Amino acid sequence: MSGEKLLEVSNLKQHFKTGRHSVVKAVDGVSFDIYQGETFGLVGESGCGKSTTGRSIIRLYNATDGDVKFKGVDVHGTKSHAQLKMFNRKMQMIFQDPYASLNPRMTVLDIIAEGLDIHGLTSSSQERKARVQELLETVGLNKEHANRYPHEFSGGQRQRIGIARALAVDPEFIIADEPISALDVSIQAQVVNLLKDLQKKHGYTYLFIAHDLSMVKYISDRIGVMYFGKIVELADSDELYKNPLHPYTKSLLSAIPLPDPDYERSRTRVPYDPSQLDSSEEPEFREVQPKHWVLCTTKEFEAYKQEIKQ
Amino acid sequence: MENILEVKNLHVSFDTHGGEVTAVRGVSFDLKKGETLAIVGESGSGKSVTTRAIARLIPSPPGRIKEGEILFNGKDLAKLKEKQMQQIRGKDISTIFQDPMTSLNPTMKIGKQIMEGLMKHQKMDRSLAKKKAIELLDLVGLPDAKERVDQYPHQFSGGQRQRVVIAIALACNPQILIADEPTTALDVTIQAQILELMKDIQRKTESSIIFITHDLGVVANVADRVAVMYAGKIVEIGTVDEIFYNPKHPYTWGLLGSMPTLDNEEESLVAIPGSPPDMLQPPKGDAFAPRNEYALEIDNELDPPMFKVSDTHYAATWLLHEYAPKVEPPAAVKKRMKGFGNTGASPISKKGDD
Ligand SMILES: Nc1ncnc2c1ncn2[C@@H]1O[C@H](COP(=O)(O)OP(=O)(O)OP(=O)(O)O)[C@@H](O)[C@H]1O
Ligand SMILES: Nc1ncnc2c1ncn2[C@@H]1O[C@H](COP(=O)(O)OP(=O)(O)OP(=O)(O)O)[C@@H](O)[C@H]1O
Ligand SMILES: [Mg+2]
Ligand SMILES: [Mg+2]
């Protein structure tokens, strides 16, 4: 980690109109920075806005409010064609749904090479093919898979095709939206080791969205916990697991199933009850101790500071 | 306990341009009334194809059940006509599939999709079915169910869609629920709720569940028994305690070793090396041998039969043969073992012919 900010997200909002009078505040004022070369994990309940955050960052949606800077340049404000193309190449996303994200009528070769073509990264069809084959091997598939179609692959295999496609254009920042949740554990370990190796080799920066907390902890340098469109807690990953402060984070940690039947038979889940929170004022994002942030009121802030001292 | 389902020597293949993909190669197992059987195994190992075959949802062509029986309450589903199968599917046997988006109709309101089965199989009228649909959405933890019944699938997050699919599957109180990665798209809190919900419904209705998941934590939570699949075959099957605390197959060892635990600090994950075999040309002998550091000479020649470890525990590895060298499982796996003192090969006999 070089300590330089690669991505700065401030007060990002993404609201969807779902009816004449109803609005879903999928992302509601989210701020965080991602440093060059680090892995930032984003976890939280289904529907809390993780994917939408990722999609807004790469401009799949026009943000309702707030801004996103990539290497200091405003991603959403920019208009120049060349700059847009640069963002499209430097920021890649690996999608959550390996089924919906691959065009069923294209061969794996063409799917992976799409980005190469758009950005004119190869000069001959031989080079194009060779590059795709290399990518297939990088992600643990065979060269022979290039001429097949997505439906001929299992879920896990398809996800690796998605990863190969993202890597093809030589990105710097990769948003991985649940990239491994469709994979079985042995391949998860391979893919996670692969993502880590690629990071070491190419210096990729990751925004890693997932709900498998043990894997998130393993891969992330820092973790943000999201709840209903807001980040409620943000800290170094070890710190977050050792000293969770926000009741939602505590509840989340208590819900992780562990591969131990005896433990599972006796596990008690701490349910989350938002009505227990202090409602005397609007909560703010506060630094309880260096690098450990919690969304809280002044009263809770004092209580958390006490709690963490113990 | 009484068997509700008996799968015998199931073979499923796909005819592709490249040739025959032998996705399932002789799978046999029983499912007892009221139990949860988890199927785990590598991507591409045939878990979905096995369960899709049970629900007779293999697209044909290119797919076909080549051989085997699927006895449901004594009736062989493999031989039923599509018409007859439609009476069973969605009513006696319900499915939750891996890809929520493709199992939902994008052009139909989700409420209507839940109501369909209720009106068809339970003969409910429209208004009752709608009430029940809202109830089900509440039950699977979807907020504002009343308003959301009238929305379309694309208006939901991945996890929310999956909960809609679960609501559809539970609607008719099926005898067998096939759940293919039902909670993979969900975060742990909702997952915990859904798992509790499924167990609760199971207790009330005595339904049986086949649960496919990659998450060994979830397996430890839900399963009574576990089947481990590799390259189209079941390589180990046993009670949940036998599989976690006394695993015998090196592939099972690999699976258990590649899970990070919350307290592992720096150590990198033990990934199983290599990639799954190409099922166009399944290797001779034990398909796992090329990736197995414990492989014996014989593995390259002969596929091991199922060896019996206990009345409930079987594994297909030559390591269990009486003449095989004694090997210790990797440290990461030994750490987990408890209560089964003996870790070497126990006295064994062959099970059936395989
Ligand atoms: N195009 C859309 N129109 C309307 N609402 C939407 C749209 N996309 C997402 N939403 C809503 O925004 C919220 C956040 O969705 P998002 O997909 O970001 O959740 P998520 O955190 O990624 O959840 P999951 O873990 O289930 O994937 C949800 O309530 C969802 O219903
Ligand atoms: N329609 C098809 N045409 C050709 N091959 C197929 C088809 N469907 C599945 N297969 C092949 O059958 C094998 C088993 O696939 P299956 O989907 O059952 O795997 P799985 O164990 O469910 O994997 P995952 O965990 O990734 O979902 C794979 O090798 C796959 O490529
Ligand atoms: Mg998502
Ligand atoms: Mg599958």
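Just so we're clear, the structure is a prediction, and the values are computed from it rather than from any experiment. Residue numbering restarts at 1 for every chain, and letters A, B, ... go by the order of the sequence lines. Just so it is clear, the values below take in all heavy atoms, side chains as well, and ignore hydrogens, waters and symmetry mates.
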Indicate whether any N or O donor in one side chain lies under 3.5 Å from an N or O acceptor in the other, for [X] and [Y].
X	Y	answer
N246(B)	E242(B)	no
D278(B)	H145(A)	no
T213(B)	D215(B)	no

Interchain contact, [X] with chain A, by part (heavy-atom threshold 4.5 Å):
X	value
L280(B)	side chain
E196(B)	side chain
V219(B)	neither
D150(B)	neither

Whether R267(A) and E264(A) form a salt bridge (side-chain N of Lys/Arg under 4.0 Å from carboxylate O of Asp/Glu) is what I want to check.
yes
Part of [X] within contact of chain B (heavy atom distance under 4.5 Å):
X	value
Y149(A)	neither
S51(A)	neither
N147(A)	neither

Is any side-chain heavy atom of T312(B) less than 4.5 Å from a side-chain heavy atom of R225(B)?
no
With under 30° as parallel and over 60° as perpendicular, where do the rings of Y227(A) and Y272(A) fit, or are they tilted in between?
perpendicular
